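Have a look at the structure below, then the notes.
Just the heavy atoms: all of them, side chains too, but no hydrogens, waters or symmetry mates, feed the values below. All values reported here derive from a predicted model rather than from experimental measurement.
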Amino acid sequence: MTENGENGRRERPRRSSDRILAAAAELARERGIHGTTIAAVSKRSGLPASSIYWHFADKDELFAEVIRTDFARWLTTVPQWNTPEGTSLRDGLAAILHTAMPKTLREVPDFIRIGMQVVLDQRENYTAARNAFLAARAQTFEMIRAWLDRNLTPETDPDDIESMARFILSFSDGALVAYQADPDLDIGAYVELFLDVFMEATELSRHEAAVER
């Protein structure tokens with residue numbers, strides 16, 4: 001077989017899997033994960049069910065890969081947790097949140113849309129998808145925690161840094177639900193309010209650390 005033939009043979013499964021993932025994500029947006037069946041994915045992707053099962057063991061594994069793939073794509077479209085040296089803690093956090101949150105809340109990436117469903121549904125049907133979403137959250141949490149570690153004073157208690165990172169992540173979760181319920185929500189105003197509360201909590205942590213010393 002020619003080199004081109006070998007390349008084509010290697011590329012066909014990749015193109016097939018991309019079509020399957022795109023169809024599954026699209027159907028999940030329309031029907032939710034429970035309303036998305038392998039038969040529906042087959043029809044939407046134009047590929048036989050046997051092709052889907054060749055790539056993925058079941059619907060759970062299919063949605064797990066949708067989450068992983070979409071999370072990787074999402075990371076390339078939002079600001080990374082990295083700010084210029086000399087930027088204040090508040091200004092750095094404000095720049096990241098004001099840029100990332102409106103985009104995320106309005107578009108609701110597939111990994112969040114599907115992930116929220118499998119996290120809220122504790123049945124064992126979606127163990128792989130749930131674990132994929134929790135792994136994405138853990139990676140996001142670690143990026144936030146590492147950024148705070150770089151930007152807070154060296155004396156800041158590591159436990160406080162973890163709590164602050166969870167606070168930021170929890171605010172993002174709450175804002176997502178609030179915006180879906182009320183699209184007229186002023187995202188920028190709530191980010192500013194959160195920043196005020198966050199900075200107060202940071203100052204309190206510094207004060208407590210100074211008292212303990």
Side-chain angles (χ1 to χ4, degrees), residues 64 67-68 70-109 111-122 127-182 185-213:
I67 289 171
R68 286 189 287 266
D70 190 64
F71 177 62
R73 181 205 60 78
W74 177 79
L75 285 178
T76 68
T77 68
V78 294
Q80 300 302 298
W81 285 88
N82 189 19
T83 49
E85 187 175 349
T87 305
S88 70
L89 180 67
R90 193 187 197 285
D91 287 347
L93 185 55
I96 294 170
L97 293 182
H98 276 301
T99 304
M101 288 197 67
K103 176 180 176 62
T104 301
L105 299 188
R106 292 188 181 111
E107 296 179 6
V108 189
F111 84 91
I112 293 179
R113 188 186 302 276
I114 295 170
M116 287 291 190
Q117 293 180 60
V118 296
V119 164
L120 292 172
D121 185 345
Q122 291 299 309
T127 302
R130 186 180 303 113
N131 288 341
F133 180 62
L134 293 178
R137 281 181 59 81
Q139 184 176 337
T140 303
F141 168 80
E142 180 54 30
M143 289 189 293
I144 299 171
R145 190 210 61 76
W147 181 82
L148 288 171
D149 192 37
R150 293 192 302 271
N151 286 274
L152 289 167
T153 60
E155 297 79 16
T156 306
D157 190 314
D159 288 341
D160 287 344
I161 294 176
E162 290 215 359
S163 295
M164 292 176 195
R166 294 190 190 285
F167 186 28
I168 294 171
L169 199 54
S170 297
F171 168 69
S172 300
D173 289 339
L176 176 70
V177 174
Y179 186 76
Q180 301 315 302
D182 180 13
L185 187 73
D186 187 337
I187 301 171
Y190 276 91
V191 167
E192 286 298 316
L193 180 60
F194 169 77
L195 289 168
D196 289 341
V197 174
F198 181 84
M199 293 309 298
E200 286 184 14
T202 302
E203 288 302 320
L204 178 60
S205 174
R206 288 174 179 167
H207 175 72
E208 290 177 346
V211 170
E212 289 177 0
R213 292 197 300 273

Please report the closest heavy-atom contact between [X] and [Y], naming both atoms and the distance.
{"X": "Leu176", "Y": "Leu105", "answer": "CA-CD2, 3.3 Å"}
{"X": "Ala100", "Y": "Pro79", "answer": "CB-CD, 3.7 Å"}
{"X": "Met101", "Y": "Ala175", "answer": "CE-CB, 3.3 Å"}
{"X": "Ala165", "Y": "Phe141", "answer": "CB-CE1, 3.4 Å"}
{"X": "Gly188", "Y": "His98", "answer": "O-CE1, 3.5 Å"}
{"X": "Thr76", "Y": "Ala72", "answer": "CG2-O, 3.5 Å"}

Chi angles and distances behind the side chain to side chain contact (heavy atoms under 4.5 Å, CB included) call for Gln139, Leu75
CA-CA 11 Å; Gln139 184 176 337; Leu75 285 178; 3.5 Å; yes
Please check if atom OH in Tyr190 has more than 12 non-hydrogen atoms from other residues, nucleotides or ligands closer than 6.0 Å.
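No, OH of Tyr190 has 12 or fewer neighbouring heavy atoms, counting only those of other groups under 6.0 Å.
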For the [atom1] atom of [X] and the [atom2] atom of [Y], what is their distance to the nearest 0.5 Å?
{"X": "Asp91", "Y": "Thr83", "atom1": "CG", "atom2": "OG1", "answer": "9.5 Å"}
{"X": "Arg145", "Y": "Met164", "atom1": "CZ", "atom2": "CE", "answer": "12.5 Å"}
{"X": "Lys103", "Y": "Trp74", "atom1": "NZ", "atom2": "CH2", "answer": "10.5 Å"}
{"X": "Arg150", "Y": "Trp81", "atom1": "CZ", "atom2": "CH2", "answer": "10.5 Å"}
{"X": "Leu97", "Y": "Leu195", "atom1": "CG", "atom2": "CG", "answer": "6.0 Å"}

Exam field: side chain [X] to backbone [Y], donor-acceptor pair closer than 3.5 Å:
{"X": "Glu162", "Y": "Asp157", "value": "no"}
{"X": "Arg130", "Y": "Asp121", "value": "yes"}
{"X": "Gln80", "Y": "Val78", "value": "yes"}
{"X": "Gln117", "Y": "Arg113", "value": "yes"}
{"X": "Thr156", "Y": "Thr153", "value": "yes"}

So do [Y] and [X] actually touch side chain to side chain, heavy atoms under 4.5 Å?
{"X": "Asn82", "Y": "Met143", "answer": "no"}
{"X": "Val108", "Y": "Tyr179", "answer": "no"}
{"X": "Asp196", "Y": "Arg90", "answer": "yes"}
{"X": "Thr77", "Y": "Glu107", "answer": "no"}
{"X": "Leu89", "Y": "Leu148", "answer": "yes"}
{"X": "Ile168", "Y": "Phe198", "answer": "yes"}

Step by step, would you call Ile144 with Thr140 a side chain to side chain contact (heavy atoms under 4.5 Å, CB included)?
CA-CA 6 Å; Ile144 299 171; Thr140 303; 4.1 Å; yes
Show, in sequence, the C-alpha distance, side-chain angles and deciding distance for Asp70 and Arg73, and conclude whether the side chain to side chain contact (heavy atoms under 4.5 Å, CB included) test is met.
CA-CA 5 Å; Asp70 190 64; Arg73 181 205 60 78; 3.2 Å; yes
Would you call the rings of Phe111 and Phe71 parallel, tilted or perpendicular if under 30° counts as parallel and over 60° as perpendicular?
perpendicular
Stepwise, does the side chain to side chain contact (heavy atoms under 4.5 Å, CB included) test hold for Val197 with Phe171?
CA-CA 11 Å; Val197 174; Phe171 168 69; over 6 Å; no
